[in-house]
Structure formats: C-alpha cells, structure tokens
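Because the structure is a prediction, the values reported are computed rather than measured.
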Amino acid sequence: MLYSLHNQRPAPLPHRIRMPDGFTRTDASTFTQDEIQAAGYSGPYTEPSYNPSTEQLLWVNGEYVIEALPPVPRWVDFSAVIMALPSVNLMLGEVLQNAPGLYGGLVVGLQNASEGDSRVFLTSWNAAYTMGLISPELITTVQEIAGEYDLPQSFIQALSPQT
C-alpha cells in the first residue's frame with residue numbers, strides 16, 4: 001500500500017509515524033487507518049499500470065497522471081542532415097574563407113550540442129549571422145529540421161539571432 005505525506009508522491013509507509021500528540025508508532029503492521037491519517041498521510045493509493053517505455057507516471061495535485069514520454073532529441077541525426085545540406089556547406093565554405101576560427105566553432109559546436117552543450121555552436125552561429133554569412137532562409141530551414149528531430153525549443157529559437 002502507498003500513502004502520500006503532505007501531498008508528496010505516494011510511497012510505502014515508513015517504519016515510524018509520529019502521532020499528533022508527539023508519540024510515535026513503530027509497528028506498521030498495527031497502524032490503523034485513523035492513525036495513518038492522524039500522522040498526516042492520505043491514501044492508500046495504488047499505482048495505475050502504464051508502459052514505462054512510452055509513458056511516465058506523474059503525481060499531480062493529489063492524483064496519478066499518465067503522460068506520454070517527451071520525445072528524445074535526436075542530435076546525431078540532426079547533425080548528419082544539417083551537414084549534408086548544400087546550403088550549409090556553402091555557408092561553411094564562406095565562413096572558412098572569412099573567419100576560419102568560426103568554422104571550427106560551428107563544426108565542433110555542433111558536436112558539443114549533440115552532447116547537451118549548444119553554447120559554442122550558437123555563439124558561432126550568431127557571429128556568422130552578424131557577419132552576413134547566414135541567410136534568413138537558412139535559419140528557417142535549420143529551425144524546421146531541428147523541430148523534426150525533436151531538439152529543444154530553446155535551441156530552435158536561439159537559431160534565429162536577435163539583432
């Protein structure tokens with residue numbers, strides 16, 4: 001049996017519960033429902049069945065809620081598609097000619113982004129944009145592809161530099 005203390009996610013009762021009069025009870029097999037409630041617990045609750053490979057079980061406002069798991073960002077696939085785009089390769093060629101250091105920031109930064117740190121890529125992307133090397137059309141294309149590969153919304157928005 002699962003019980004919730006102060007509306008937290010239900011769990012088995014602890015070995016010891018404190019009663020309102022300050023005394024504690026330590027034999028869970030003898031706790032009465034009234035004692036459990038007096039100690040601040042609600043319940044009992046039973047976890048509903050769900051598929052942990054596609055769903056997550058949440059405790060929201062005193063009840064279980066089953067939601068679909070959020071999509072997993074597919075950074076490697078995104079990187080492969082982006083690097084194969086002719087428009088990206090043309091842009092990278094211009095970056096290499098005009099700002100070789102930025103080229104490394106874009107290429108290495110994309111790898112870092114696939115590992116969860118997009119700062120180098122976005123900094124280099126913004127610098128290339130400021131230099132006029134990234135067109136609005138390329139931004140839109142890359143944002144659309146990022147969305148198709150379930151990348152974080154904050155990353156997708158940051159691809160459109162604020163001037």
### Query
Do the side chains of Glu47 and Pro10 get nearer than 4.5 Å, heavy atoms only?
no
### Query
Say you draw a straight line from CE of Met131 to CG of Asn126; how long is it, rounded to the nearest 0.5 Å?
13.0 Å
### Message
I'd like to know if Tyr45 and Phe31 are part of one continuous hydrophobic network [Ile/Leu/Val/Met/Phe/Trp/Tyr, side-chain heavy atoms within less than 4.5 Å].
### Response
no
### Summary
In short, Leu110 meets Ser79 closest at the heavy-atom pair CG-OG, 3.5 Å
### Task
State whether a side-chain donor-acceptor pair under 3.5 Å links Ser29 with Asp27.
yes
### Query
Which heavy atom of Leu151 sits nearest a heavy atom of Pro73, and at what distance?
CD2-CB, 3.9 Å
### Message
Counting C-beta onward and ignoring hydrogens, is there a side-chain heavy-atom pair between Ile66 and Pro48 closer than 4.5 Å?
### Response
yes
#### Entry: Residue pair Ile82, Phe78: steps toward the side chain to side chain contact (heavy atoms under 4.5 Å, CB included) verdict
CA-CA 6 Å; Ile82 292 302; Phe78 167 76; 3.3 Å; yes
### Within-4.5 Å side-chain heavy-atom neighbours: Ser42 and Gln37
no
### Trace of the side chain to side chain contact (heavy atoms under 4.5 Å, CB included) decision for Thr141 with Ile145
CA-CA 6 Å; Thr141 298; Ile145 294 169; 3.9 Å; yes
### Query
Looking at OG of Ser160 and OH of Tyr129, how far apart are the two atoms once the value is rounded to the nearest 0.5 Å?
6.5 Å
### Query
Which atom pair, heavy atoms only, marks the closest approach of Asn112 to Val120?
ND2-CG2, 4.1 Å
### Query
Does the side chain of Leu69 come within less than 4.5 Å of Glu55's, by heavy atoms?
no
### Non-hydrogen atoms of Pro14 and Ala28 that approach each other most closely
O-CB, 4.5 Å
### Message
Less than 4.5 Å apart, side chain to side chain, heavy atoms only: is that true for Pro44 and Leu2?
### Response
no
#### Entry: Closest heavy-atom pair and its distance - Leu159, Ala146
CD1-CB, 4.4 Å
### Query
Does a donor on one side chain sit under 3.5 Å from an acceptor on the other, for Thr30 and Arg25?
yes
### Query
Just by distance, do the side chain of Gln157 and the backbone of Ser154 share a donor-acceptor pair under 3.5 Å?
no
### Task
Evaluate whether atom CE of Met19 has more than 12 neighbouring non-hydrogen atoms of other residues, nucleotides or ligands under 6.0 angstrom away.
yes
### Message
Could you measure the distance from the CD1 atom of Ile156 to the CD atom of Glu144? Nearest 0.5 Å is fine.
### Response
10.5 Å
### Query
Does one hydrophobic cluster hold both Leu13 and Trp59, with members joined at side-chain heavy-atom distances below 4.5 Å?
no
Output a table of donor-acceptor pairs, distance under 3.5 Å, between side-chain atoms of residues 83-98 and any protein atom two or more places apart or on a different chain; print 'none' if there are none.
{"from": "Asn89", "atom 1": "ND2", "to": "Met83", "atom 2": "O", "distance (Å)": "2.8"}
{"from": "Asn89", "atom 1": "ND2", "to": "Leu85", "atom 2": "O", "distance (Å)": "3.0"}
{"from": "Asn98", "atom 1": "ND2", "to": "Glu94", "atom 2": "O", "distance (Å)": "2.8"}

### Query
Between Trp125 and Val142, which heavy-atom pair has the shortest distance, and what is it?
CH2-CG2, 3.9 Å
### Message
Quick check on Arg18: does its CZ atom have over 12 non-hydrogen neighbours (other residues, nucleotides or ligands) under 6.0 Å away?
### Response
no
#### Entry: Check: Trp75 and Phe155 side chains under 4.5 Å, non-hydrogen atoms
yes
### Query
Would Tyr3 and Ile36 satisfy side chain to side chain contact (heavy atoms under 4.5 Å, CB included), going step by step from the backbone distance to the final call?
CA-CA 9 Å; Tyr3 292 86; Ile36 292 169; 3.7 Å; yes
### Task
Starting at CG of Leu106, measure out to OG of Ser124 and round the result to the nearest 0.5 Å.
5.0 Å
### Task
Please step through side chain to side chain contact (heavy atoms under 4.5 Å, CB included) for the pair Tyr41 and Ser4, ending with a clear verdict.
CA-CA 5 Å; Tyr41 290 87; Ser4 173; over 6 Å; no
### Message
Any non-hydrogen side-chain atom of Phe121 less than 4.5 Å from a side-chain atom of Val107?
### Response
no
### Query
Can you find a pair of side-chain heavy atoms, one from Tyr64 and one from Tyr50, that are under 4.5 Å apart?
no
### Query
Roughly how far apart are Leu138 CG and Gln143 CD, rounded to 0.5 Å?
10.0 Å
